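Here is the naming used below: chain letters follow the sequence lines, and residue numbers restart at 1 for every chain. Note that the coordinates shown come from a computational prediction; the quantities given were computed from them, not determined experimentally.
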Number of protein chains: 2
Amino acid sequence: MRTLNAGLAGAKSRIKVARTGISAPRSVRQRLAGPASTPPAAALPLNSIIVGDCLDELARLPPNSIDLVFADPPYNLQLEAALSRPDQSLVDAVDDDWDKFASFSDYDDFTRAWLDAVRKIMKPDATIFVIGSYHNIFRVGSILQDQGFWILNDIVWRKANPMPNFRGRRFTNAHETLIWAAKGVGAKTYRFNYELLKAGNEDCQVRSDWLFPICTGAERLKDASGRKIHPTQKPEALLARIMLAASNPGDLVLDPFFGSGTTGAVAKRLGRNFIGVEREPSYASAAQARIAKIEMLPHEAIATVPSKRSEPRIAFASLVEAGLIQPGETLVDEKRRHAVIVRADGAVSLGAIAGSIHKIGALAQGLPACNGWTFWQFFRDGKYEPIDALRAKARASLREAAE
Amino acid sequence: MRTLNAGLAGAKSRIKVARTGISAPRSVRQRLAGPASTPPAAALPLNSIIVGDCLDELARLPPNSIDLVFADPPYNLQLEAALSRPDQSLVDAVDDDWDKFASFSDYDDFTRAWLDAVRKIMKPDATIFVIGSYHNIFRVGSILQDQGFWILNDIVWRKANPMPNFRGRRFTNAHETLIWAAKGVGAKTYRFNYELLKAGNEDCQVRSDWLFPICTGAERLKDASGRKIHPTQKPEALLARIMLAASNPGDLVLDPFFGSGTTGAVAKRLGRNFIGVEREPSYASAAQARIAKIEMLPHEAIATVPSKRSEPRIAFASLVEAGLIQPGETLVDEKRRHAVIVRADGAVSLGAIAGSIHKIGALAQGLPACNGWTFWQFFRDGKYEPIDALRAKARASLREAAE
DNA sequence: CGCAGACTTGAATCCTCGA
DNA sequence: TTCGAGGATTCAAGTCTGC
């Protein structure tokens, strides 16, 4: 492993890393420690850039430690000749050595290797985002599937301001593709902050096509002479959408191709921990300086929206026990077509048949399933109301009791 | 090969096909015949649906005969359980036998086989569009690349009205992906009607993300009881964009997974010839009836926009010979910074240096290249005009002479 | 200082004919 | 097949310059 060229604090540990000075609040740190089977968070070089080859460095990280992976691997562009604009100015192409592969087969080998290494250190409920273009994304997608990852979505980043097609020989290449995948088919508990995204999208669920401008202006890292430091710096808005969607504050985000450090910058701002691996010391150094300047947003700004799924479960029986509803009361549906009697054991009776609020609701309608909480209504103070209102009351007193 | 169930005319030939009664005008038919090395168009079952297995049937078609391929192969959807909406109604999912594959490896074998068969019958300058979702498109893309196809674009069909994600566990799956590929790296002469597309897009080049509604309403084929005939009928607008972009009237379009026949319907309307292969007689029969009702648009509506590249080349010397411009006249650029003298041989002189209008234009500006036709202007009747106006005059008299 | 217009730039598999 | 030359081709943002 190489070390960074300059200006790195905290480089005394065996693994030499760049500490960027962010520290998660104690409460969220504990979440990171996770179950006893995963190594304690202290063993991880949190919020650091590891300068070195991604395969070597990933292998040194403890298994089952990463919550979210964002990977922006080389695209394997195959450019033959220089391209000039209609005004004869030259396009500054990506012709760096790190994007050169001898063949598709070489690229596939490389992809298999880093995906395998990443998979080992992902927690069972972690997910991964990989970004690419048509040059490489089909290779990446196939290999993800072959390795047992379970694709959740492919996502299209529509560029608001793409480079046009100067020769008029193709459609404007105006998007890049992200693949979002869980560690395996069985991983059903992955994080997806559905309500949070929906709340920020005019109460409409977020689609698989995202519109963002490319990274320009003040956000784009430049050297003293005004040249861009990294040819493919990603916009922070893209990474923010990803982290808000698929991680919580305090989670650990890995970026095996750290580059200019957009992942680290956004992670710090959103109160996530990160680990970045970057081969080029000059990129790592620029990223380190960039991240040092970032400040974490106030906790209120990054708090998660509690999802319905994460609310404590309440049994209808407990409402009866708590006296919120009395045995013998009648429940009806909104259209007053069906009526049931509440039993002392928390079941309801439809004629001679008894069962849960859900089962009986389904039976009454002849449907395979029914949400009894929203289907059944009770009568109080001259009006009908869904029994879900009683559940909300029960939850409120639970919260009070916890304080 | 099986034959269609019912109502098919023209089924007397050895290859039993459904003739749909469209006939290209003679002038465009001749284009189809192509060079002597390719079989005459008469040998092809033009504008027919071949009922049978696509691998068997494609192998019987003559090599180098297809201009454009549109393929909508099985998506290999991996649906585990029935999906119901929040109101408990059941989503009518794709669970047909033709979409069942035992493994990715089986799907890959199938994909390699049909792509190989299709590639053999494509003309050297033909292109192919394949549509898919994240379940299969990465397999298809990798195999296209492995077989030597040259990807020109990946294109995103953004659905204006996608099915929402009912469970709130993923992003709304709001797009499908198309891959557009040429037969090989060397195939530089593929058709792409850049000017036509641009003209229909507010004079702005068309991007790789396309917005279309999914196929609903009157366009959606339904049986007597109102059930949709095919689960994945594609919208005609999508096929129209594809054919307008990558084929000319009279071209031959192949669809190896014909389904409900959208490709045939649009081909007929736009004056293209088609061949469809479909395994299910019921789909083929519905498609045949559908296409029979379509009428071809008037020729004016489907005429190609002539591109500048396809105009006959005119040498500047021929303008001098024709007396459109006199030796000794002075040409200047728009900003009057440079001036050259026209020579009798059709070259121009900048001081002591002589050369073509392009070379001298480039030299004057210190640029690697220059379009002399638009750069240089001549003086006539009190005003300056680009010499391109003289070329237009020469072309006009050429056209007159040809009539 | 504001505004208008000129100039710059971005993950790009980006021409075609004839000798 | 290779080579040389004709000549066709760009959109949205951002920055810079001059008035």
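The nearest whole Å value for the distance from the CG atom in A:Asn161 to the C1' atom in C:dA11 is 14 Å. Rounded to an integer number of Å, the gap from CG of A:Asn173 to C1' of D:dA12 is 16 Å. Counting to the nearest Å, the P atom of C:dA11 and the CG atom of A:Leu79 are 13 Å from each other. Note: CD (B:Glu311) to C1' (D:dT9) measures 16 Å, nearest angstrom. Atom NZ of A:Lys159 is separated from atom P of D:dG14 by 16 Å (rounded to the nearest Å). In this structure, NZ of A:Lys222 is placed 11 Å from C1' of C:dG10, rounded to the nearest angstrom. Nucleotide C:dA12 holds its P atom 18 Å from the CZ atom of A:Phe171, rounded to whole Å. Summarising the geometry, the separation between CZ on B:Arg207 and C1' on D:dA12 is reported as 10 Å, rounded to the nearest angstrom.
B:Arg391 comes within contact range of the sugar-phosphate backbone alone, with a heavy-atom separation under 4.0 Å but no base atom that close. Nucleic acid contact for A:Glu176: base, since at least one base atom lies under 4.0 Å from a heavy atom of the residue. Across all strands shown, A:Arg170 has heavy atoms under 4.0 Å from base atoms, whether or not it also approaches the sugar-phosphate. When heavy atoms are screened at a 4.0 angstrom cut-off, A:Cys215 is found touching no nucleic acid atom at all. Within 4.0 Å (heavy atoms only), A:Pro235 reaches no atom of the nucleic acid at all. Within the nucleic acid shown, A:Asn76 has no heavy atom closer than 4.0 Å to any nucleic acid atom. Counting non-hydrogen atoms under 4.0 angstrom, A:Thr232 reaches a base of the nucleic acid.
Aromatic ring orientation, A:Phe138 versus B:Phe138: tilted (interplanar angle from 30° to 60°). Relative orientation of the B:Trp210 and B:Phe129 rings is tilted, given thresholds of 30° and 60° on the angle between their planes.
Side-chain atoms of B:Arg309 and B:Ser307 form no donor-acceptor pair, as typed in the model, at a separation below 3.5 Å. If you check the side chains of A:Asn136 and A:Tyr107, you find a donor sitting under 3.5 Å from an acceptor. In the model, A:Asp154 has a side-chain atom that pairs as donor or acceptor with a side-chain atom of B:His175 under 3.5 Å. Between A:Arg220 and A:Thr216, the side chains place no donor N or O within less than 3.5 Å of an acceptor N or O (distance only, hydrogens not considered). No donor-acceptor contact under 3.5 angstrom links the side chains of B:Arg337 and B:Gln365, judged on distance only. With 3.5 Å as the limit, one finds no donor-acceptor pair spanning the side chains of B:Tyr134 and A:Trp180. Checked by atom type, the side-chain pair A:Ser133/A:Glu176 shows no donor-acceptor distance below 3.5 Å. Side-chain contact annotation: A:Arg170 with B:Ser208, donor-acceptor N/O pair under 3.5 Å absent.
Applying the 4.0 Å criterion to OP1 and OP2 of D:dT9, one finds that B:Lys308 has a side-chain N or O inside that range. OP1 and OP2 of C:dC17 both lie 4.0 Å or more from every side-chain N or O belonging to B:Lys188. Considering only side-chain N and O atoms, B:Asn371 lies under 4.0 angstrom from the phosphate OP1 or OP2 of D:dA8.
Separation of the C1' atoms belonging to C:dC1 and D:dC16 is 16 Å when rounded to the nearest angstrom. If you take atom C1' in D:dT10 and the same atom in C:dG10, they sit 12 Å apart, rounded to whole Å. Going from the P atom of D:dT15 to that of C:dA11 covers 15 Å, rounded to whole Å. When the P atom is used for both C:dC17 and D:dT9, the distance is 14 Å, rounded to whole Å.
Classification of A:Arg227 and A:Asp223 as a salt-bridged pair holds, one side-chain N sitting under 4.0 Å from a carboxylate O.
Aromatic pair A:His230/A:Tyr283: centroids less than 6.0 angstrom apart.
B:Ser142 OG to A:Asp108 CG: the interatomic distance, rounded to the nearest 0.5 Å, is 6.5 Å. A distance of 7.0 Å separates CD in A:Glu219 from OG1 in A:Thr262, rounded to the nearest 0.5 Å. Atom OG1 of B:Thr127 and atom CG of B:Asn153 lie 10.5 Å apart (nearest 0.5 Å).
Each of A:Ala160 and A:Ala218 has a nearest nucleotide on DNA chain D; the 5'-most of these lies closest to A:Ala160. If you find the closest nucleotide of DNA chain D to B:Asp388 and to A:Pro162, the one lying nearer the 5' end belongs to B:Asp388. Checking A:Ala82 against B:Thr189, the closest nucleotide of DNA chain C that is more toward the 5' end is the one next to A:Ala82.
Residue A:Trp98 places its side chain closer to C:dA11 than to any other of C:dA11, D:dC11, C:dT16. Listed candidates were C:dA11, D:dC11, D:dA8. Nearest to the side chain of A:Tyr75 is C:dA11. In this structure, of D:dT10, C:dG10, D:dA8, it is D:dT10 that holds the atom nearest to the side chain of B:Tyr194. Comparing atom distances between the A:Met163 side chain and each of C:dC14, D:dA8, D:dT10 picks out C:dC14 as nearest. In the set C:dC14, D:dC11, D:dG7, C:dC14 carries the atom at the smallest distance from any side-chain atom of A:Leu83. The side chain of A:Gln88 sits closest to D:dT9 out of D:dC11, C:dA11, D:dT9. For A:Asn165, the side-chain atoms get nearest to C:dC14 when compared with the rest of C:dC14, C:dA12, D:dT10.
For A:Arg169 and B:Phe192, the positive end is not near the middle of the six-membered ring at less than 6.0 Å and at most 45° from its axis. Both tests do not hold together for A:Lys100 against A:Trp98: distance to the six-membered ring centre under 6.0 Å, angle to the ring axis within 45°.
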Intra- and inter-strand pairs of DNA chain D in dot-bracket (Watson-Crick or G-U wobble, both distances under 3.5 Å; | for another strand): .|||||....|||||||||
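Shown here is B:Glu334, whose CD atom has no more than 12 heavy atoms of other residues, nucleotides or ligands within 6.0 Å.
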Polar pairs (N or O, both sides) under 3.5 Å between protein and nucleotides 4-6 of chain D?
{"unit_1": "D:dG6", "atom_1": "N2", "unit_2": "B:Arg313", "atom_2": "NH2", "d": "3.4"}

Check the interface with nucleotides 2-9 of chain C: list each N/O to N/O pair with the protein under 3.5 Å, or write none.
none

Under 3.5 Å, N/O pairs linking protein and nucleotides 17-19 of chain D:
none

Let's go through A:Thr172 and B:Gln205 carefully: what are the C-alpha distance in whole Å and the side-chain angles of both, what is the deciding distance for side-chain hydrogen bond (donor to acceptor under 3.5 Å, both in side chains) to 0.1 Å, and is it a yes or a no? CA-CA 7 Å; A:Thr172 310; B:Gln205 59 179 218; 2.8 Å; yes
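Against DNA chain D, the stretch residues 125-132 of chain B makes no heavy-atom approach under 4.0 Å.
For C:dA11, its base sits under 3.5 Å from the side chain of A:Asp72 at one donor and acceptor pair at least. With hydrogens and angles ignored, a donor-acceptor pair closer than 3.5 Å exists between the side chain of A:Lys234 and the base of C:dA11.
For B:Glu329, the salt bridge (Lys or Arg N to Asp or Glu O under 4.0 Å) partners are B:Arg380, not counting sequence neighbours.
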